[in-house]
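Notes follow once the structure below has been shown.
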There are 2 protein chains.
Amino acid sequence: MERKNTEGLLRQRLKEKGLKVTHQRILVLSVLEQNGGRHMTAEDIYELVAEDYPEIGLATVYRTLQLLWDMQLVDRINLDDGCVRYEIGHLCGGETKHNHHHLICRECGKVIPFDADLLDDLEHHIEKATGFHVLDHELKFYGLCSECMNKTE
Amino acid sequence: MERKNTEGLLRQRLKEKGLKVTHQRILVLSVLEQNGGRHMTAEDIYELVAEDYPEIGLATVYRTLQLLWDMQLVDRINLDDGCVRYEIGHLCGGETKHNHHHLICRECGKVIPFDADLLDDLEHHIEKATGFHVLDHELKFYGLCSECMNKTE
DNA sequence: ATCTGTGCAAACGTTTTGCATCCTA
DNA sequence: TAGGATGCAAAACGTTTGCACAGAT
């Protein structure tokens, strides 16, 4: 599977918009890239970037994540635990083609990733029916995980 | 379409759990029932209940919504605008059988409801493959609405 | 009479903002 | 060197919690 140069993509898009390439922006994206499978909070990212670049501020991380999201370089997920999470964007050529969804247990709160790719048809249908151009989706299932099911019954 | 007596359902479930039937609980559910199509924040609900029952507190609304959600009498939606929203539960026999999803425009933030019912197969597949018992789902599509598409190009 | 539920206000944790300074272009 | 970007601290925001009192069973 082809893998794009994510940093190069960032540089290019910043240039297009007349924005500046800073260490902080490069580092935030690079941390997300190196943690492909994880769903990271701003705080998580802040701590990891701070290992290499201790003078970074949390506010900068928030501002950068917003920017990267606007540019479609990162994906956003909300697991209903009070903070937004980020991961490297599916457009960046990460191995997860963003067909993974989440099963959230109502009882114990566990989050189980689940892969499926039945949404492409639906996206095409939406585009035809409404003129809305779909870029991304977020699908969550709520219910009871097998352990909690057994405990309850 | 059959329509259940939602208040009766609440009374019954409270009794089952040994919890008390209070005006506040009845009123919160009834406001949600009367605003079937809307996605209401705790604040919205608080203000409407307060018209009939001014002494209610916002904390009670939050506690009640949590309770109603635990009992599966209301659905929760997160439209990424910083607050959780609620609507009358699809189990209560509301006319929306909860096959309506949301298209969120990245440009202007508009939220467009969209009906589709292609998720039942996927839910069955999940139950078989993982043992996770699905009760509910939340599906959001992010992209560009037709107006913003035309503006950009 | 008991014990859950409530209202109020304070606390909480995440995210945003104002402003002086820094640094990329 | 000019204007966007940053770090810091304070503010803002939705939501939760502690506690004394009220009210349902």
B/S/- along nucleotides 18-25 of chain D (protein heavy atoms under 4.0 Å) is B----BBS
Between B/Asp80 and B/Lys140 (salt bridge meaning N to carboxylate O under 4.0 Å), is one present in this structure? yes
Mind checking the CD1-CD spacing from B/Ile56 to B/Glu47? Nearest 0.5 Å is all I need. 12.0 Å
Go through the steps for B/Leu65 and B/Ile45 under the test side chain to side chain contact (heavy atoms under 4.5 Å, CB included), then give the verdict. CA-CA 10 Å; B/Leu65 289 169; B/Ile45 296 161; 3.9 Å; yes
Which part of the nucleic acid, if any, lies within contact of A/Tyr46, taking any heavy atom under 4.0 Å across all strands shown: a base, the sugar-phosphate backbone alone, or nothing? nothing
Starting from P on D/dT16, measure out to CG on B/Leu65 and report it in whole angstrom. 10 Å
Give the C-alpha distance, both sets of side-chain angles, the deciding distance and a yes or no for side chain to side chain contact (heavy atoms under 4.5 Å, CB included) between B/Leu14 and B/Lys20. CA-CA 6 Å; B/Leu14 288 171; B/Lys20 291 176 180 170; over 6 Å; no
Rounding to a whole Å, what distance do you find between A/Gln12:CD and C/dA25:C1'? 18 Å
Look for any protein N or O under 3.5 Å of an N or O in nucleotides 13-15 of chain D and output each such pair with its distance, or none.
from   : atom 1 : to      : atom 2 : distance (Å)
D/dG14 : O3'    : B/Gly82 : O      : 3.4
D/dT15 : OP1    : B/Val84 : N      : 2.9
D/dT15 : OP2    : B/Tyr62 : OH     : 2.6
D/dT15 : O5'    : B/Tyr62 : OH     : 3.3

Does a side-chain N or O from A/Gln24 land closer than 4.0 Å to OP1 or OP2 of D/dG7, or not? yes
Are B/Lys110 and B/Glu147 within salt-bridge range, i.e. N to O under 4.0 Å? yes
Over the length of the helix from C/dA1-D/dT25 to C/dA25-D/dT1, how much do the five-pair end axes diverge, rounded to 10 degrees? 40°
Please determine whether side chain to side chain contact (heavy atoms under 4.5 Å, CB included) holds for the pair A/His102 and A/Leu79, giving the CA-CA distance in whole Å, both sets of side-chain angles, and the decisive distance to 0.1 Å. CA-CA 8 Å; A/His102 298 97; A/Leu79 264 20; 4.2 Å; yes
Evaluate the ring planes of B/His137 and B/His101, with Trp represented by its six-membered ring, and classify them as parallel (under 30°), tilted (30 to 60°) or perpendicular (over 60°). tilted
Quick one: which of A/His39, A/Gln66, A/Glu87 gives a side chain to side chain donor-acceptor pair (under 3.5 Å) with A/Arg76? A/Gln66
I'd like to know if the side chain of A/Asp70 reaches the main chain of A/Leu67, judged simply by a donor and an acceptor atom lying under 3.5 Å from each other, with no hydrogens or angles considered. no
For the pair made of CG in B/Leu29 and P in C/dG5, what is the distance, rounded to whole Å? 16 Å
Separation of atom CD in A/Gln66 from atom P in D/dG4, rounded to whole Å: 18 Å
Without decimals, in angstroms, what is the distance between A/Ile26 CD1 and D/dT6 C1'? 15 Å
Which of these passes side-chain contact (heavy atoms from CB on, under 4.5 Å) with B/Arg25: B/Val28, B/Thr22, B/Leu27? B/Thr22
Can you measure B/Glu55 atom CD to C/dG5 atom P for me and round it to whole angstrom units? 18 Å
Say whether A/Thr60 and A/Gln24, considering side chains only, have a donor N or O and an acceptor N or O under 3.5 Å apart. no
For atom CG of A/Leu67 and atom C1' of C/dT15, their distance in whole Å: 17 Å
